[in-house]
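Sequence lines set the chain letters: A, B, ... in the order given, protein chains first and strands last, and positions in each chain run from 1.
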Amino acid sequence: MLQAEDLTLTYRDGASTLDAVHDVSLTIGDYQFVGILGPSGSGKSSLLYLLSGLRKPTSGEVYLDDRPYSRMSDRERVALRRTEFGFVFQQHFLINYLTALENVMVAAPVQDRAHAAQARALLADLGLKDKLHRFPYELSGGERQRVAIARAMIHRPRVIFADEPTGLLDRRTGLQVMSLLRSYREQGSLIAVTHNPEILTEANSVIRLRDGRLVMAGERSARIIREPALKPGPAVAHGE
Amino acid sequence: MNPLAPTTYYRRHKAGALVLLAIVGLATVAVFVLVSVLDAVPLRANVSYLNKLSRVIPVGDALDPGIVSQIQTYPGVERTIPDDGLWISLPTLLGTDSQRLLGVSGQDADYLMQHCGVRLKEGRMFEPRRNEFVLSEEVARALNLKIGDVIAREVDRMYYGAVPDPLVLVGILEGDPEVSTGPSVRLAFVSGEYMTSHELYAPRPTSLIVLAEPERRAAVDEFLETTIDTQYTDVETFAEIARFARMGRAMVYAVFGTVNCVVAVVVALVVGAINQIAIAKRLGELGLLHALGHHKVRLVRRMTLETAVVASIGTLVGLGTALLVVSAIKASLFYNLGMEMNVFNLAPFLFVLPMPAVVVALSYRSIGRTFARLDAVSIVERGQLSAEGSRDHQATVRSSVRPLSSLTFYLRHRRRGILLVLSTALMVVGTTLPVYLLSAMTSAMKPYFEHLQYLSEVSPIQSELDPGVTSQIRNQPAVAYTIPAIRLGMWMIVPPGGGTDVRVYGVTEGDLPILLQSLGMRVQEGRPPRPHSNEIVLSSAIAANRGLHVGDVVGGETGSDDNLIVDDLPVEMVVTGILSPDRPWVGFASYEYLRSHEAASARTPLLLLVPREGHKQELDHWLEGSLASNHIGIATYATKEREYREMTTSVSLTFGLLECMIAAVAAVALATLNYIFVLQRKEEFGVLHAIGRSRRWLVSRLIGEMGSVAGMGWMAGVVVCGAGLIGVQMLFYAPRGLNLSILNLIPWLFTTPLPVSMVLSSAVTVTRILSRLDPVSVVERRA
């Protein structure tokens, strides 16, 4: 279970300060698909970075299974990202000189033949069976993003963080990508940041942010949730 | 204002310009300083007393009066002055040098000072018959001496080994600016009367100082060298030391010319690589300009001009810095050692100037090749140089199970890998091979004292050995045989341009078998020398080295045409036998013949001691501890090995230091390149860090990548060095009876500073970059 308590992230610009995230508390259960929705500059990505441990909050705390991030060393937080979390960014961020298969293997816990076979199977599941040995610049945008999704899944993380995963894709490809990501709910949680509510139709819960503050979460977002979660334990926002 | 001027790009990209300036500038500084410093070493010849006078030295006890008279009456000889002086040593940049304390009367000293343009600066001149001396301020500075200081063997055996009784410094000399400008002649005087009357110094062979009229100097020197220089007399002239200085300089140029070429090529490669990266970044600009109608040739010219401007400025900045560094070295190190240096010497400039030319030429070629593929549409549409370029990539590959290994990286970046491996290998070869050869050369010389593993040598320093001493030696229990011998010498040639003196002993017919047995040698070909005959036997290595066979004649006036070969064989000797095995390097002649021949009879016999079995160490210990004195010289294996070690250590340290300087420059250049490569890959590292690879892992991966290419470069360099060494052994050394030891570890150590400094400097830069790596900035495209 991922839990955030009174999270605030403040950026300083000379004498002035700006709260990218302000006093956000929430709980995300296992096997959930949680959407974080909001306009540009609302603090969605910042919240994602805080939850994934990529950023340290100015104040507040994040817990994974009651383990507070602030008590973890840098090395432990990095290890957490490697073993427990997977990431899909708005841009694919594939390594240009590695093939699709190798890019997936980059995140494998061990780089051996067994994991290579697993990566191959994963890419095949994602419809890239014929493009295992292609370099990123030889793939289309949707294919690249699928490789990035495979990279995020190869080590079977408990949570996949997806930051605008369809932001640079056309609508059809975006929906395909989201469908692939949604399928991960059977193995772990998915937290996806977007400004496009359409891709969150199957989310268990949706958190809305405006100016870094939580404006709506959980059941209040029910109108855009059309299907129930496969497993119980919805996201609950506190304090708003 | 012309926006396409060759300076515009780098004015707007100062960091990139600074990198190029730093690489070219640093290489310029390194090469300039090295050549300046090494080129200044032979300058000491210009301030030697031989710059103003010549010296004739007897080989035996005294100069033949007929020869003295012949010199005095030769036209152009202004004056001759007898010299009963001695030598002291002084530190220089490369080991030690020697300074003659001319042993003359007070009047003669005044005359010589006037002739050489030197005057008393401080203190007073020496008193007759007093243990006092005066010397030039530069020599005093090198030896850290001031008025009132005492020099003696007890004070420092290394510098004052020939000073058995203390001498007191009473005066310091300086160049007289009214007489001559420029550096002053190094002079030193001691009272000739004192030297000839003191029991520890006298009797000593008196040499002759020859002063020539200024306009007849060359003619007098030629007369001395051609007429007076025989087996009975040695001659020291300025022309002779100038010849040696020229040879030294030629060797320096040969060695550093090679190093310079290598540094120039590596700098050019690095600058070329940086240019390629810059071109890749500027593809949009270049494609646009091409699309707007700028011809490829014009674009190539413009890019080359940009490089030329930066390379020229880098060279100028480097030259300015180098001149400051050289001036600082002159004012500190050279001043303290009393050495001269011409800051505006032309040679270092000539070594440095080809560097920017090579950089520009290689850049022009590389830019030209890149632009040959320039396709404006591909660039504008896809950001690629040409459509063909992308198809090239598609011909790739099978995926690797270990995508983050160094091998995978360099398989996908072959040109980068080849560039780094080639640069490293070139630098290893360029900087190491000369040093390696020198080190191997000195190592090949080692057998010249190997016979002292089996024998010890006791020789009188001035007159004959005291009979009491001889008796004491004979009664020493560790001594099996005491063999009287006359010492001669032959020259072993050690390519390129080096050599060493090896012993030839005149021994009796009866003693020769004892010596051969103790040395483990036998006559392999021919026969031993007969008594009372001018016959000689040589170890097979000496014979091979000099191309001698049984029946050949050596020595006397039959000297080689090669100026470097100076045998100490006063009479012609006929080779009658070759000894095997080839080591130790030693030869034997007839004692009786040499004692009776006028050219060798002046030589004082020495004693060769054959120890009882198992008592060699005990004997040497006793000789060094109890017998060595001002009158008796001892040569044991330990003493010779000490001398040899001091000599080789000094050479190794000097060259090691020079190599470290070059390695530092290379490391900076390659670390800069690496820095740029790492910056290019910042996105990759940011993403890897974001998905859970720690900074430490990233650093170790990058060091692994750098280490692997540095290691491969090192291996390639070592292989070339080894091949070069084997080639030298097969082509030059083996035919001369010499052996280069490939298993000697010391020379191989010279190959290590370069890759180690490369990896270390890369580790530092990589750690620095990655310590500030913010993955969020990278994934948000803010990095």
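- When each of H115(A), M105(A), R134(A) is checked for heavy-atom pairs under 4.5 Å with chain B, M105(A) comes out on top.
- Proximity to chain B is limited to the side chain of S45(A), based on heavy atoms less than 4.5 angstrom apart.
- Applying the side chain to side chain donor-acceptor pair (under 3.5 Å) test to pairs two or more places apart or on separate chains, none has a residue in residues 687-696 of chain B.
- Atom CG of D19(A) has more than 12 heavy atoms from other residues, nucleotides or ligands within 6.0 Å.
- Interface remark: V401(B) contributes backbone and side-chain atoms alike to the contact with chain A (heavy atom separation under 4.5 Å).
- In terms of heavy atoms, I691(B) sits closest to A107(A) at CD1-CB, 4.1 Å.
- Under the side-chain contact (heavy atoms from CB on, under 4.5 Å) criterion, V766(B) pairs with N674(B), V678(B), V699(B), L702(B), L770(B), not counting sequence neighbours.
- Here the OH-OG1 distance, from Y97(A) to T408(B), works out to 8.5 Å after rounding to the nearest 0.5 Å.
- Residue contact with chain A, scored on non-hydrogen atoms closer than 4.5 Å, is absent for L411(B).
- Here L54(A) is the residue among L54(A), D163(A), N103(A) with the most heavy-atom pairs under 4.5 Å with chain B.
- Neither the backbone nor the side chain of A100(A) comes within contact range of chain B; no heavy atom of the residue lies under 4.5 Å from a heavy atom of that chain.
- Within residues 64-82 of chain A, the residues having any heavy atom under 4.5 Å from a heavy atom of chain B are, by residue number, R75(A), V78(A), R81(A), R82(A).
- H133(A) contributes a side-chain N or O that, together with a main-chain N or O of S399(B), makes up a donor-acceptor pair within less than 3.5 Å.
- Using a 4.5 Å cut-off between heavy atoms, I95(A) contacts chain B through its side chain alone, with no backbone atom that close.
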Item checked: Full working for side-chain contact (heavy atoms from CB on, under 4.5 Å) between D774(B) and R55(A) -> CA-CA 9 Å; D774(B) 177 11; R55(A) 274 260 184 276; 3.3 Å; yes
Notebook entry, point to check: Can E102(A) and R412(B) be said to form a salt bridge (Lys or Arg N to Asp or Glu O under 4.0 Å), step by step?
Noted result: CA-CA 12 Å; E102(A) 288 167 343; R412(B) 305 284 159 79; 2.5 Å; yes
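- Contact annotation: the side chain of V687(B) approaches that of R151(A) to within less than 4.5 Å [non-hydrogen atoms, C-beta and beyond].
- Summarising the geometry of V778(B) relative to F93(A), their closest heavy-atom pair is O-CZ, 3.4 Å, with the distance given to 0.1 Å.
- Every residue two or more places apart in sequence or in another chain that forms a side-chain contact (heavy atoms from CB on, under 4.5 Å) with T166(A) is listed here: V177(A), M178(A), I199(A).
- Among all heavy-atom pairs drawn from A690(B) and F89(A), the shortest one is CB-CZ, 3.9 Å.
- The number of heavy atoms from other shown groups lying within 6.0 Å of OH (Y364(B)) does not exceed 12.
- Of all the listed residues (F87(A), F85(A), Y49(A)), the one sharing the greatest number of non-hydrogen pairs under 4.5 Å with chain B is Y49(A).
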